[in-house]
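Order of the sequence lines fixes the chain letters, A, B, ..., with proteins taken first and strands second; residue numbering starts at 1 for each chain.
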Amino acid sequence: MAKVIVAHGEILSKNGDINIARLKNIVIKSLRSLFDNLALKEVLLQIFPRPGKVGVKINTIAGKKLSTRPEVALTLSQILAENHPGLSRIIIWDRTNRELKKAGYRLQQRGKIQVFGTDTKGVGYESKLTMTTNIGSLFSHIQSKFIHHSLSLAILKDHGLAGVTAGLKNYFGAIHNPNKYHDQNCDPFVAELCTTPPIKAKHRLTIIDALLVQFHRGPSYHPRWASRENKLIFSLDPVAADHVGWQIIDQLRRRAGLPSLAEENRPPRYLHTAEALGLGHTSTNMEILEVEG
Amino acid sequence: MKRREFLKATPCLALFGPRALPEICRDLDALEIPPQLSKVEARYYQKLPDKEIECQLCPRQCRLGNKERGYCGVRENSEGTYYTLVYGKACSVHVDPIEKKPFFHFYPGQITLSLATAGCNVNCKFCQNWEISQVRPEQVHHFDFPPRMVVDTAKKYDCPIIAYTYTEPVVFYEYMVDTAKLGRRAGLKSVVVTGGHINPEPLEELISVVEAIKVDLKSFTQDFYDQYVRGKLQPVLEAIKKIAASPIWLEIVYLVIPTLNDSVKEIKNLSRWIKAEVGPDVPLHFSRFHPMYLLRNLPPTPISTLERAHQIAREEGLNYVYIGNVPGHQAESTYCPRCGTLLIKRWGFEVSKINLKDGKCPQCQTPIPGIWD
């Protein structure tokens, strides 16, 4: 059964500040809740049983207002670095350094925690195609070569085509041609991409930053339809995590008097495809735990 | 693939010898700048509320929020204004014979300055240039090559024709149109090699500034377009009809892929449609497929399959049917449809003999459609 932790606490203030202490507390509490309150070090050994490098794939396409927050990515990385001696490097990454910088990240290519984009000199994309059933893509060397474990630290947003963009779709930023994956409401393309070896063999954990949720007119930022939810979603099951994200978006839409994603004929169908492809679970077989912090 | 690798990988070096192209390469190397993208406002789009836009350049009509790019990957909505990111940002520049495009009835034997930017509005599983067509502009080595420089370079290297080719010129529409206008003022012709996935209004403007368009008709079924192209057939057919009805020159290429689009029925339907809707005199090229990109599990097209397609099209009444990508095949050459006289002898991309007199067959005086002088 898939377990999803929905953590809630006053992390993001009205003026946009992040309460780091509370954030850290909630992240630790949530990670432990995934494993019935096992000690943190034990939890991390469960998630990352082998030593190696971790990639923290974030989403920075929409600029500072609506990207995975640096505070979240850095706090998480710090927790990993301090509590799992086998993790030699933690790379926070996305497609481009420009987007990372615009989202508030400071680039760093030295030390245990590093931050850089695929367009960094000497990084780049594979030259051999990785095939899905429908499309072929070149993977970022970060995803294919640099890391052993992958963590999708996504942001939760409405998406005009896909319905929802969260943990699975975040991996569009790991390939060279995401624009070719948007037909047919991104279905089956999101799911198929996540079955490719560079993702499926390395994905360990999904965390969705739902501190501020764009529930309508996404994926770009529109303050009118963005809600400060102060939630973080954690799951080892990438499909279940996204499913919970979808429910949050639909709740916010209902509250705002908007039709549901299904009523707008853009539910994230790719989640059912992902389930059919064995990537995880949707509404059935799911346990949702709430964590307050 | 880097530009220099691309240049090396193409056969035209062998045709033109070692001098001309390396010189161009040196010139272009001097122009290289860090890969800055252009930010020139796109044409043919509609602004929508909440900083959204709808692109109206091609039948996809991508509807995009702020910061999003179209399916082509080279046009981006920034704060509600739509921009082309590849204006003047060539990723491939080459001197090619016009036969390589291929145009067989348009200034045979002439050379073209051929160029492309990154991007494409479809995703053909058999694309020959996927390293540049299926990438975003920042992922490919490109350099600043604005319209004025294109025209000057074409003149410098005695290319009377500029060809927009290799990827999908529709996605670099603004760059192409402005260059073609400038080229025309300088006495240069412009030709376009396209999949024909373009809306009628921009096509109309394009027709007014170029001299010839070659359309790659990928198949004659929507099912094939769904599975192997990720595009629509009908808009391509409409584009072909529109070009055929215009004063500019049209040729059609059909890449014959074993088992996928080579049935007798499909070739018959295609030939009948061309004859009825476009006319019997439009050159139709059946090109040989080679395993490429995402279609590596099929063999190259058997010559016999191409010959069968050629025969069907001729029997259906098309007058100028060619076989392509088979150097030395007799169906590379042009024959008088009335008396069978050899009019233009070709070997690969090379023209060895032109036997036309005032655009007519020297034997029976049949006018041969085309742009000849």
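- Between B/E54 and B/R63 there is no salt bridge, since none of the side-chain N atoms of the basic residue sits less than 4.0 Å from a carboxylate O of the acidic one.
- When heavy atoms are compared at a cutoff of 4.5 Å, A/S127 approaches chain B solely by way of its backbone atoms N, CA, C and O.
- Ion pairing between a basic and an acidic side chain is recognised when a charged N comes within 4.0 Å of a carboxylate O; B/E174 and B/R43 show no such pairing.
- Between chain B and the residues A/I135, A/L138, A/L161, A/N134, the largest count of heavy-atom pairs under 4.5 Å involves A/N134.
- Heavy atoms of B/C62 lying under 4.5 Å from chain A are absent altogether.
- No side-chain N or O of B/Q56 forms a donor-acceptor pair with one of B/N199 less than 3.5 Å apart.
- Of the two parts of A/Q184, only the side chain, counted from C-beta on, holds a non-hydrogen atom closer than 4.5 Å to a non-hydrogen atom of chain B.
- Separation of the A/H182 and A/H159 ring centroids falls under the 6.0 Å cut-off.
- If you measure heavy-atom distances from B/Q227 to chain A, you find no contacts under 4.5 Å at all.
- Between B/Y293 and B/W130, the ring planes lie parallel to each other; the angle is under 30°, not in the 30° to 60° tilted range.
- Interface residues of residues 254-267 of chain A toward chain B, defined by a heavy-atom distance below 4.5 Å: none.
- Donor-acceptor pairing under 3.5 Å is recorded for the side chains of A/S140 and A/T118.
- If you check the side chains of A/Q247 and A/Q251, you find no donor sitting under 3.5 Å from an acceptor.
- Contacts of A/Y221 with chain B are absent, with no heavy-atom separation under 4.5 Å from either backbone or side chain.
- For the pair A/K145 and A/E126, the salt-bridge criterion is met [side-chain N within less than 4.0 Å of a carboxylate O].
- Of the listed residues (A/G160, A/G136, A/G218), the greatest number of heavy-atom pairs within a distance under 4.5 Å of chain B belongs to A/G136.
- Residues A/S137 and A/N177 bring a donor and an acceptor atom of their side chains to less than 3.5 Å of each other.
- For the options B/K125, B/Q139, B/R60, heavy-atom pairs under 4.5 Å to chain A are most numerous at B/Q139.
- Heavy atoms of A/H176 lying under 4.5 Å from chain B belong to its backbone as well as its side chain.
- Atom NZ of A/K65 has 12 or fewer neighbouring heavy atoms from other residues, nucleotides or ligands inside a 6.0 Å radius.
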